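Everything numeric in this text was worked out from a predicted model, so none of it was measured. Chain identifiers are assigned alphabetically (A, B, ...) following the order of the sequence lines, protein sequences preceding nucleic acid strands; residue numbering begins at 1 within each chain.
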Amino acid sequence: MTGYDTAGTIQNTYAAAHREFGADPNFWIRYFTPSPAADVFNDDALGESQGAWDSGGPYVGCISAPRQSRLSGSAAEGQADAQAFAAAMLVAYHAVGPIQLPSGGRLYCWLDQEYSTSLSSNYWNAWANYIANYDFAGLGIYPLYPCLYCNPNAPYPSCSTIAKAHGVNVPSAIWSSEPEPCGGVSGPSVWDPQECGKVPTRLWQFGEQDACSYSSNVDLDLGGPGFVTARYCFYVQSRP
Amino acid sequence: MRSRRREKAARSFGPGGDGFGLNRREVLAGSIGAGALVALPDLGISGLSDARRGKSGQAALRYVFLYGTPGPATSGSLVATSFPVSRTAPPPKPVPVAIKLAAAPVLSPDQAVTAVTTVDMVPDGAEITLTLLDATSAAVGQQGSLTVPGVPRDANVLVTPVFAPGSAIVSLVLAITAPAGKRLMHKADPGTGSLAPQWATTWVSHHALAYFDQRSGAIAGPFHLSGEPSLALTSAAANSSDLVMWTTREPKPDDPAEIRAQASLSRLSVFPLGSGTARLSRSAPGPWAAGEPVLTLPAGDVARLVRGRDVQVCSARTGEVTEVGIPAFGQARAKPSAVTMQARLDGTVFMTKPGVGVAVIADPAEAFRITGQIHFPLPATPFGAPWSKAVLSPAGDTCYVLGPAATGGLSAYEVGSGKMVGSYSDGRQYAGLYQLPSGSLLAVRPENPRLAFFSAGLSPLGTADTNLDVSAVF
């Protein structure tokens, strides 16, 4: 089950992706605040949701990509970034009537840790704890689950950091950025992402735009065996 | 509230004897932070021949500070390669300066001072300490602290120092996030799906300001701001008279009406330096404050680079915001890119976006008209830390960038023609690049030797080890 992630807006991206790959995505993963160098979904949640619906992949997963040096920082920085991320997802949810939480009650919230970035325990634990403890929309439910996008084999602290986490601070899933066999929406024939030891890898970015010379502004992502990524995303149930 | 000046860790640890007179007990330390800071002599200077170093033979004229997370590696050391360092002189090496920092350091506009902050929870609140490190000696130049009373021990305090060009005032923007309640929640285990009861804490943030006067050493504040609940993240810059600050009101969790009315949650406020009362405050266009590059322009207005492609200019006088696009940054990509924005002495601004392989020089006096533009192949890590992947020479005639993903190393481009004029590669991929005041370059990589120095002509000068995973250099 292959989907796209992009730092552009869905409505400006999906048509080119469809032309290039000839298929609808199963899901999108989009950037939310704080992602200071990207177009963020919460800036135009309505237009993005319309784009997701029109693309044929009406599921939107959530990732936040803070200024990367902050991930080496303190608990106060991690908590502040998580607070803004949760607020951004809430704004998107309220702004678009047909956006629904996942029916299974689990919205995976990804933190973007790039290859050359170090993740400190203080930052991660505060970030994850805020996400996990967030009473979303005052519903009395706690549907946000912290997850980590990373390069598991990078020589920087990532897997080693989350291996020290406890309780709700343990990420629910890893989204692995390596390796990159590339290919189209049918995905690689074998599930073989790099993995962290303690936390299961559920999503694999097997094709990155630059490394795979895709012309459209998307990376390609594949859910792992038995894992249906769309079930852990916002669902746009009708065209807004 | 109280404010005082103290010498918590004042000392001199400039070069001499064994290199540094600093011991473990004297390293600046907070109680709740994570980041660490080490000082490193600017090799381009300390490595010069004795004749060029001056009669004293003393080493660095300026230090650089490495910020990052301590790793398991051995303590810093330096190995000179082909640079003709005196064989009798001890090699300069990184020296620990601070650990458990509350936030990343901030470099003053004239690069003479680096500000670091620590937070300690004390019986009557949170003690905030601002330390100004002198770049020429790596010693503590000034230090001030204040206690914010009533802050509970389990609160988080985010401290952002803001230098004001043309003023001796350093503003401190405080975001205080405290627990507001606990509820018993039932959360599904992601592995088994079974519900487990546990306590969930809710948090509320508000902001406060304090001001440190470099002339007197006095610190004023804290001035608690209205607007609670707010998001802790802010963006701020200052000119010689005002602090300009973007904040975001926290959306009400159970009231979508305001959001559906598309009311802006962003707010722009202008505070006279030293004051806790805004002289103007108004709704601001998005995006929310989120760590984007912000700087003070020569005219006193404030620019912030948003979405990685547009510059918003805020009039410090009226608070009016205008937005201009940077066409070269407009190309959408699947991944975000690091972005930087730096003021230059001639009033222009140097901006980089390595994720699209572009660096530009723009003139704020002419609506950010592009006066120079460099295109280069994408480096291997255009988004990861450190965010500095392209730098401008002090004269502004050469742009140095991380080499292409395929080859690594470094490349140099002539700004006037946009043509590549030099390159160096030994196969190593560097993650960050910094221009040192000496004119030499510092490139950082993931494994020791993590630090590599190059001449302006891209000749290797030497390398150094450090136990930090370096996320920024100041």
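Most heavy-atom pairs under 4.5 Å with chain B, from the set A:Ser69, A:Ser216, A:Gly138, A:Ser35: that is A:Ser69. When each of B:Gly308, B:Ala405, B:Gly355, B:Pro253 is checked for heavy-atom pairs under 4.5 Å with chain A, B:Pro253 comes out on top. The most heavy-atom pairs under 4.5 Å with chain A, out of B:Gly432, B:Pro190, B:Gly286, come from B:Pro190. Chosen from A:Gly104, A:Ser118, A:Pro34, the residue pairing most often with chain B at heavy-atom distances under 4.5 Å is A:Ser118. Contact count versus chain B (heavy atoms, under 4.5 Å) is highest, among A:Ala45, A:Ala86, A:Ala88, for A:Ala88. Highest contact tally toward chain A, considering only B:Ala232, B:Pro386, B:Gly291, B:Pro446, is held by B:Pro446 [criterion: heavy-atom pairs under 4.5 Å]. Put simply, of A:Val168, A:Thr13, A:Val40, A:Val170, the one with the most heavy-atom pairs under 4.5 Å next to chain B is A:Val168. Heavy-atom pairs under 4.5 Å with chain A were tallied for B:Thr381, B:Val444, B:Leu378; the largest tally goes to B:Thr381. For chain A, the option among B:Pro251, B:Ala431, B:Ala104, B:Ala196 with the highest count of heavy-atom pairs below 4.5 Å is B:Pro251. Chain B forms the most heavy-atom pairs under 4.5 Å with one residue out of A:Arg70, A:Gln113, A:Gln209, and that residue is A:Gln209. Between chain B and the residues A:Asn12, A:Ile141, A:Asn42, the largest count of heavy-atom pairs under 4.5 Å involves A:Asn42.
With sequence neighbours left out, B:Ser205 forms a side chain to side chain donor-acceptor pair (under 3.5 Å) with A:Gln83, B:Thr177.
For the atom pair NZ of B:Lys187 and CG of A:Leu144, the computed distance is 6.0 Å after rounding to the nearest 0.5 Å. The CG atom of A:Asp135 sits 8.5 Å away from atom OG1 of B:Thr202, with the distance rounded to the nearest 0.5 Å. Taking OG of A:Ser72 as the start and CG of B:Leu101 as the end, the distance is 11.5 Å to the nearest 0.5 Å. Expressed to the nearest 0.5 Å, how far CG of A:Leu119 lies from CG of B:Asp469 amounts to 11.0 Å.
Within residues 2-9 of chain A, the residues that have a heavy atom under 4.5 Å from a heavy atom of chain B are A:Asp5, A:Thr6, A:Ala7, A:Gly8, listed by number. Within residues 150-158 of chain A, the residues having any heavy atom closer than 4.5 Å to a heavy atom of chain B are A:Pro155, A:Tyr156, A:Pro157, listed by residue number.
For A:Glu208, the part sitting under 4.5 Å from any heavy atom of chain B is the side chain, from C-beta outward, and nothing else. In this structure, the portion of A:Arg106 lying under 4.5 Å from any heavy atom of chain B is its side chain and not its backbone. Heavy atoms closer than 4.5 Å to chain A are found nowhere in B:Ser235, neither backbone nor side chain. Only the backbone of B:Ser337 comes within less than 4.5 Å of a heavy atom in chain A; its side chain stays farther off. In this structure, chain B has no heavy atom under 4.5 Å from any part of A:Tyr214. The parts of A:Ser172 that come within reach of chain B are both its backbone and its side chain, each placing non-hydrogen atoms under 4.5 angstrom from that chain. Neither the backbone nor the side chain of B:Gln429 comes within contact range of chain A, judged by heavy atoms closer than 4.5 Å. A:Gln79 touches chain B through its side chain: at least one heavy atom from C-beta onward sits under 4.5 Å away, while N, CA, C and O do not. No part of B:Ala175 comes within reach of chain A, as not one of its non-hydrogen atoms sits under 4.5 angstrom from that chain. Using a 4.5 Å cut-off between heavy atoms, B:Leu231 touches chain A through backbone and side chain atoms alike. Contacts of A:Phe136 with chain B are absent, with no heavy-atom separation under 4.5 Å from either backbone or side chain. Contacts between B:Pro382 and chain A at a heavy-atom distance below 4.5 Å are absent for every atom of the residue. Both the backbone and the side chain of A:Ala132 come within contact range of chain B, each with at least one heavy atom under 4.5 Å from a heavy atom of that chain. When heavy atoms are compared at a cutoff of 4.5 Å, A:Asn129 does not approach chain B at all.
In plain terms, the two heavy atoms of A:Asp219 and B:Ala334 that are nearest each other are OD1-CB, 3.3 Å. Heavy-atom minimum distance, A:Tyr31 versus B:Pro336: OH-CD, 3.2 Å. Minimum interatomic distance between A:Asn133 and B:Trp199 (heavy atoms only, all atoms of both residues): OD1-O, 4.1 Å. Taking all atoms of both residues into account, the shortest heavy-atom contact from B:Asn156 to A:Ala75 is OD1-CB, 3.8 Å. Of all the heavy atoms in B:Trp387 and A:Pro36, the pair that sits closest is CH2-CG, 4.0 Å. Residue B:Ala332 comes nearest to A:Asn217 through the heavy atom pair O-OD1, 3.0 Å, listed as atom of the first residue, atom of the second, then distance.
Put simply, the side chain of A:Val91 reaches to within 4.5 Å of the side chain of B:Trp288, judged on heavy atoms.
Residues in residues 33-46 of chain A take part in these salt bridge (charged side-chain N to carboxylate O under 4.0 Å, His left out) pairs, two or more places apart or across chains: A:Asp39-B:Arg309, A:Asp43-B:Arg307.
Side-chain N or O atoms of A:Thr117 include one that pairs as donor or acceptor with a backbone N or O of B:Ala385 at under 3.5 Å. With B:His186 contributing its side chain and A:Tyr142 its backbone, the two residues share no donor-acceptor pair below 3.5 Å. In this structure, the side chain of A:Tyr145 engages the main chain of B:Ala188 through a donor-acceptor pair within 3.5 Å.
One finds a salt bridge joining A:Glu114 and B:Lys335 here, because a Lys/Arg side-chain nitrogen approaches an Asp/Glu carboxylate oxygen to under 4.0 Å.
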**Request:** Mind running side-chain contact (heavy atoms from CB on, under 4.5 Å) on B:Phe383 and A:Asp112 for me, showing each step along the way?
**Result:** CA-CA 10 Å; B:Phe383 185 41; A:Asp112 185 335; 3.7 Å; yes
